[in-house]
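Input: a single structure, listed below in structure tokens.
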There are 2 protein chains.
Amino acid sequence: MTTAAERPAVGAPLVERVLAHYRERTLAELLRHIPEQSPPYLYDLAADYPTRPCKGLRAALCLVTCAAFGGAPDRALNPAVTVELFHNAFLVHDDIQDGSELRRGTPTLPARYGVEVALNVGNAINLLGLRRVMANRRALGGELAWRLFEETELMCRQSLEGQAMEIAWIRDNVCDLTSADYYRMCLKKTSWYTFLYPCRSGLLVAEGAGTDATRLDRFGWYLGAAFQIQDDVLNLVGAAEEYGKEIAGDLWEGKRTLMLIQLLERATPAERARVVRHLSLTRAQRGPGAAEDVAWLLDRMTAYDCVAHAQEAAAGLVAAAEREIEGVLAGVPEPAADGDGDGDGAEAEQARAFLRALPDFVVARGR
Amino acid sequence: MTTAAERPAVGAPLVERVLAHYRERTLAELLRHIPEQSPPYLYDLAADYPTRPCKGLRAALCLVTCAAFGGAPDRALNPAVTVELFHNAFLVHDDIQDGSELRRGTPTLPARYGVEVALNVGNAINLLGLRRVMANRRALGGELAWRLFEETELMCRQSLEGQAMEIAWIRDNVCDLTSADYYRMCLKKTSWYTFLYPCRSGLLVAEGAGTDATRLDRFGWYLGAAFQIQDDVLNLVGAAEEYGKEIAGDLWEGKRTLMLIQLLERATPAERARVVRHLSLTRAQRGPGAAEDVAWLLDRMTAYDCVAHAQEAAAGLVAAAEREIEGVLAGVPEPAADGDGDGDGAEAEQARAFLRALPDFVVARGR
């Protein structure tokens, strides 16, 4: 699935090398569990998003966490595939909800096949994720399987609630949000399934159902917030080809980013009124003056240093995540040498290096 | 939730009386598990469809089956609520996919709140259903809970695949279907979650994880096919107020019903060509002549006795279902008298009478 051109060179930074390695393992396992027999436009399309170019961050983080805490990463393949599947189902449904045209550089499933098919495919991917949760019972035993089931349900719930918060803010044109509101939404919508769930499930597989799986929650929360801020920043300033989405699409959609919240706080009353008016209209209602409005929003965000402020916030979160991971890893015994029948010493060491390097990577990434 | 006007009178037939009784128990339990804390437009809307007037057939069948086979129906409340929730999530997503305006006589969720909110609400209802599956562990023990989890996943899969088959037929304008294709689709799309799952889960709760839960499969399969045929017939000939959906909507959508398959088989080559041409166009493409086309289709279906033929097929399925349930119940010991600490003798007897009367009810119902 990964072409030579996409695979990072030997000298590429550690994080990208490890991501590519685990992505290959996860994708092979994911594809192995997509049914070959399918009514048209169902499972045959379930592999579409997962095989498009992407980092595979969530699955890799699950496997890496398992390795870093002394487990054999292969035992965590089911939860890794689970989170990758739920993530992709979420993307398919999200593309329906946003009416998006592009995903990872090519047309979205709803753009290509319509809402009717895309909604089914999203549901099919969710169901394949649920099957991996069931598969844990045989692979890991009933006790651990139930814990992972609970964690999976919680992750889905948090993501759904976070997304609902964001949708309601836009729908009801909520304009008095604080950064605390934004961070709460991030924790639910982004951090949970991108960082908390992979870390928790990796810890559970490495250490068993009785472990304290919440030890990396703060690490994940900081990272998730930094990740989302960086995503929002890239949407504003990233180059179209590199990012693969419509530039400043968030300003068209009225998405409540940290930058927008900052702008609403810092703008003059007249400017604020113009922002609120812009936000109160749907894309269709805005008419021909819309592009000008969006350009003006971008200009005001620059004038009030909103992007720089958001980047500073992200940098603070990265520093906090780095302190967190140091603290947690300090409490873990050094990995045993090879041949103890469980985790692999060299792999564990590399996994810890990955976790230490991840915070910086999250804000340095181009997409 | 049920108003006095909706509640059947004391003299109403057994099936309606039992349905109303169990619907009340299921709905109370269902509503008890909808979170009170909710972001706007999420759990607050999850109760919308379930509280609209409906029969509650699936949940009742689960509880009735449990009672008929000697179990205490209250122990089956979780699976009953599960199937009711998945059913309603399915309806919400279905209304998005079909662009439907009305559901049970009032505007659909997507018509009222848009696709963005409705898609989330459907996902939230699914997730609440999954939580009931998790709750089985505490209520029924790990072994039975896993079996019910497997049955739930299988039910979701069958429904999704059945719906995908139907969507693909319309999308690819498949016009060479046989009644066998239709029945296969019905088994997956309708029978499984309306009859097979409720019967299987009721049997499992009554008799334990080790039982043969497939004993009522044929009963459920016959009933599901009769149910779907009757649904399609009502769509063609039912009165708008009573049925609550657009009349002949299936002909507008190009839905592959037994009647349409019959018409394609019986029509002259010229008529067949006109049917195929009509089916090849989307609603938007059909233009002003569409209503005339639909009226002509209806007329041809009458001329070729397609509705009468479908009703005969349904009657045959009802007779087969009646033979099936007699056979299965004959092998069950008569219920013990009250006070054995498990099932209730009178309730069990009533449950068996319900199962015997259900086939006839399925085709006699007005909606």
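Naming convention: chains lettered A, B, ... in sequence-line order (proteins, then strands); numbering from 1 in each chain. The structure displayed is predicted, hence computed values, not measured ones.
- By a heavy-atom distance cut of under 4.5 Å, B:Arg157, B:Leu160, B:Glu161, B:Gln163, B:Ala164, B:Met165, B:Ile167 are the residues of residues 157-167 of chain B near chain A, going up by number.
- Ranking B:Trp146, B:Tyr41, B:Phe149 against chain A, the residue ahead of the rest is B:Trp146, based on heavy-atom pairs under 4.5 Å.
- Aromatic ring centres of A:Phe86 and A:Tyr193: separated by at least 6.0 Å.
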Report the C-alpha separation of A:His93 and A:Gln97 in whole Å, then their side-chain angles, then the decisive distance to 0.1 Å, and conclude whether the side-chain hydrogen bond (donor to acceptor under 3.5 Å, both in side chains) test is met. CA-CA 6 Å; A:His93 283 176; A:Gln97 292 172 303; over 6 Å; no

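- Put simply, the side chain of A:Arg137 never gets that close to the backbone of A:Leu144: no donor and acceptor are under 3.5 Å apart.
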Using the side-chain hydrogen bond (donor to acceptor under 3.5 Å, both in side chains) rule, take B:Arg132 and B:His33 through it: C-alpha gap first, then chi angles, then the decisive distance, then the call. CA-CA 9 Å; B:Arg132 293 296 89 217; B:His33 291 290; 3.1 Å; yes

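- In this structure, the portion of B:Asp172 lying under 4.5 Å from any heavy atom of chain A is its side chain and not its backbone.
- Between A:Phe195 and A:Phe227, the ring planes lie perpendicular to each other; the angle is over 60°, past the 30° to 60° tilted range.
- A heavy-atom distance below 4.5 Å is found between the side chains of A:His278 and A:Val294.
- Under 4.0 Å is where a charged nitrogen must lie from a carboxylate oxygen, and between B:Arg58 and B:Glu84 no such pair does.
- Ionic pairing of B:Glu151 and B:Arg147 is present here: one or more N-O contacts between side-chain nitrogen and carboxylate oxygen are shorter than 4.0 angstrom.
- In this structure, the portions of B:Tyr113 lying under 4.5 Å from any heavy atom of chain A include both its backbone and its side chain.
- A donor-acceptor pair under 3.5 Å links the side-chain atoms of B:Thr51 to the main chain of B:Asp48, judged by distance alone.
- Salt-bridge annotation for B:Arg200 and B:Asp217: present, with a side-chain N of the basic residue lying under 4.0 Å from a carboxylate O of the acidic one.
- Of all residues spanning residues 114-130 of chain B, those with a heavy atom less than 4.5 Å away from chain A's heavy atoms are B:Val115, B:Glu116, B:Val117, B:Leu119, B:Asn120, B:Asn123, B:Ala124, B:Leu127, B:Leu130, arranged by number.
- Between the A:Arg256 side chain and the A:Gly254 main chain, a donor and an acceptor come within less than 3.5 Å of each other.
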